[in-house]
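Residue numbers begin at 1 in each chain, while the letters A, B, ... track the order of the sequences.
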Protein chains: 4
Amino acid sequence: MSDKRTDIINATLKVTNEFGFAGTSTDMIAKVANVGKGTIYKYFKSKEVLYSTLFDELTNKFMAFIVNHFQFNLDIQTNFRNIVYALVHYYIANPQEFRYLERYSDVSLNIDQRMDESTKLIEPIKKMMDELDHGFKFKQLPPLAIFAMTYGPLVAIVNLTLMGKIDLTDELIYEIADSCWKSILVK
Amino acid sequence: MSDKRTDIINATLKVTNEFGFAGTSTDMIAKVANVGKGTIYKYFKSKEVLYSTLFDELTNKFMAFIVNHFQFNLDIQTNFRNIVYALVHYYIANPQEFRYLERYSDVSLNIDQRMDESTKLIEPIKKMMDELDHGFKFKQLPPLAIFAMTYGPLVAIVNLTLMGKIDLTDELIYEIADSCWKSILVK
Amino acid sequence: MSDKRTDIINATLKVTNEFGFAGTSTDMIAKVANVGKGTIYKYFKSKEVLYSTLFDELTNKFMAFIVNHFQFNLDIQTNFRNIVYALVHYYIANPQEFRYLERYSDVSLNIDQRMDESTKLIEPIKKMMDELDHGFKFKQLPPLAIFAMTYGPLVAIVNLTLMGKIDLTDELIYEIADSCWKSILVK
Amino acid sequence: MSDKRTDIINATLKVTNEFGFAGTSTDMIAKVANVGKGTIYKYFKSKEVLYSTLFDELTNKFMAFIVNHFQFNLDIQTNFRNIVYALVHYYIANPQEFRYLERYSDVSLNIDQRMDESTKLIEPIKKMMDELDHGFKFKQLPPLAIFAMTYGPLVAIVNLTLMGKIDLTDELIYEIADSCWKSILVK
DNA sequence: TATGAATGAGAGTTCATTCAT
DNA sequence: AATGAATGAACTCTCATTCAT
């Protein structure tokens, strides 16, 4: 049995990926979701709400994925490596989710809001790191700067892979992970 | 004396920054540029052409800026540092241009095209590095991966600065520049 | 109960008659049809399609009218008279349809297409005449020339009547029908 | 030395023929006439006035052509034949003028006005016939009906010829002229 | 006199949203 | 609950006309 709300969410992900936010109409979503146009408005107050709801769901799903990969019995560097690895693979395996998250910020324009979105992604990780008693000394950079120095290249790498411009190997992923790690440590 | 074409270009930069590509209408551009709606079409065949023309102009302006900062009497690492420094400052000083370049690639959907756009930005730099006889050994990564590992963090840093989330110091810029540099070198 | 599609078609016929094809806007059609502007596009892909659809419908309606008046038990000359009679009366009774058909061919510019349109009107009649075994010998003119010699005066007569310049009597119609008939026969 | 007014008139004839009244813009006329857009408005108050002026000029030119072909020393039937012949050849030789006259009535919508236009064409001919003392007895039809019965087929024939659908021979022209003549005479 | 840059009303069309069924 | 016909505001773009040069 199919759940119409889920059908709509999935259709939105699919259609926005193929045609962009600008090129997506409720008509198309309804058609792909196999529901009536009005049904969308039974579950979501507006198109905008539908978009932001999907963003929230993807963010949460992604966060849960990361958190679930953290292993408390391993040291933090290994965890970093592992998480980077998992993250990259998650994005590669779910390109539509990746693109949606990437593009969404251009739709929800308000800058403060954009920050909140980035924060949603990084905050829990940062928290975990702060709370752990590890032996590493991070640079005296603002936490978000550290985020920028790790998340930035990952996004770029995933993008290049999805465009078919580079051949992603596990080796490359670990190479990048280590580079990033080093870049945020005090020498 | 005001040049209408310039007025339109400036208005487009301003309005798209404030309201996003989706939220920008020719009406708004015309009003902000203080020209008639029809005048836009005297200078640009369509809204899309206006957008892409602005993108090209910003890209060229930016490239010229970078190239002008390259000093052949200095070694490549110092040039890298200087260019990163100049680039970050340029973006911080011209946030609207930065945002426009960032967002435009997300609006023009075609993936191959997006690649071409990224390439426009990196190609000349890459060329310069290849042609120079420097003593550094870069990692055996695809050139675009190296680009990702340097350009990615910069964009992130600029974003965070523009959001007011981090306080950008020259020290921080050089810190990042050096980290990036190290991350692409063979250890 | 009103059918919106029909309302739109009727409004189009009415408005184009009053203001011509050039002077008719979708706004006016929508207003006269008492529907939203968007409703037009639910039923017709474009204004042009709306116009051509109306043309086709009028052509078919007209053809059906003629064919229904053909009586196989009567000789061909009597049928000719009757059909001319019916045709003229049909046009006089439906001046808007007549004007629409007249004007449409001048609006749709393509010459070959115009021919097809004229052909649509004459072809079935010509066919009927060819297939019947009648005793008349028509002049060795191209069939379309014969058409021109019969249809041309009828159109002119209807036009003059609609303009109120001549008083159309049944007598006059038959007079013209007979003249036409004679003009295409071998003496 | 070229006269700009004439250039504009000629350009209008040419462009409206190729693209129809709806598809013709002042821009195109100006370009073809090799004058500035504003110049058109120096000579004609508006586009509409330009169109109607051209119509009037063509009408007058055509009328003069006909009148000049009337030979008072010949009997009226021969004159009729000759005029039909000249008329058809004039149209064939000047298809742009023919088409302009044909199409113009769809642009100037007002029905009374249309009448005036038809009248312009036939009035002088009618006058000439009335004033002459010839031996023929025309049917007791309204003069315009007689016109319809002669002018109608001619227009149709010219149209078919210009479309390349029939091969116009002098023989055919005379055949039609005679048919028309007979059709308006009392038997 | 001649121009064409500039204009803005108005064109055709789309689409998020509503609501009667 | 589910629908999709209906809507009209808002969009991009055109073009007859004006007017400073």
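Between Tyr41(D) and dA2(E) there is no side-chain polar atom (N or O) within less than 4.0 angstrom of OP1 or OP2. Put simply, Lys37(D) has no side-chain N or O that comes within less than 4.0 Å of OP1 or OP2 on dG4(E). At least one side-chain nitrogen or oxygen of Lys4(D) sits closer than 4.0 Å to the OP1 or OP2 atom of dT3(E).
Both Gly38(D) and Gly38(B) lie near DNA chain E, and the one whose nearest nucleotide falls closer to the 5' end is Gly38(D). Annotation: of the two residues near DNA chain F, Asn34(C) and Thr26(B), the 5′-most nearest-nucleotide partner is Asn34(C). Heavy-atom distances to DNA chain E give each of Thr39(B) and Asp27(C) a nearest nucleotide, and the one nearer the 5′ end belongs to Thr39(B). Checking Val35(C) against Lys45(B), the closest nucleotide of DNA chain F that is more toward the 5' end is the one next to Val35(C).
Annotation for Glu48(A): atom CD does not count as buried by contact number, only 12 or fewer foreign heavy atoms lying within 6.0 Å. No more than 12 heavy-atom neighbours from other residues, nucleotides or ligands sit within 6.0 angstrom of NZ on Lys14(A).
When all heavy atoms are compared, the tightest approach of Ser46(B) to Tyr41(B) is CA-CE2, 4.0 Å.
In summary, the side chains of Arg99(B) and Asn159(B) do present a donor paired with an acceptor at a separation below 3.5 Å, with no hydrogens or angles considered. There is no side-chain donor-acceptor pair under 3.5 Å between Glu97(A) and Tyr91(A).
A 4.0 Å heavy-atom criterion places the boundary nucleotides of DNA chain F facing chain A at dA2(F) to dA6(F), written 5' to 3'.
No side-chain donor-acceptor contact under 3.5 Å links Lys37(C) to the backbone of Met28(C). With hydrogens and angles disregarded, no donor-acceptor distance shorter than 3.5 Å links the side chain of Tyr104(A) to the backbone of Phe21(A). Under a 3.5 Å cut-off, the side chain of Arg5(A) and the backbone N or O of Lys42(A) do not form any donor-acceptor pair.
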Open item on the list: Between Leu13(B) and Leu58(B), does the side chain to side chain contact (heavy atoms under 4.5 Å, CB included) criterion hold? Intermediate values first, please.
Closed with: CA-CA 10 Å; Leu13(B) 188 59; Leu58(B) 293 183; 4.0 Å; yes
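Where pairing requires Watson-Crick or G-U contacts shorter than 3.5 Å, the helical stems of DNA chain E with at least three consecutive pairs are E:2-21 with F:2-21.
Residue contacts shown for Phe44(B) are absent, as no nucleic acid heavy atom lies under 4.0 Å away. Note on Lys42(C): a base of the nucleic acid sits closer than 4.0 angstrom, heavy atoms only.
For Lys47(A) and dT14(E), the NZ to C1' distance is 11 Å, given to the nearest whole Å. Computed from coordinates, the Lys31(A) NZ to dA16(E) P distance equals 12 Å when rounded to whole Å. Between Phe21(A) atom CZ and dC15(E) atom P there is a gap of 16 Å when expressed in whole angstrom units.
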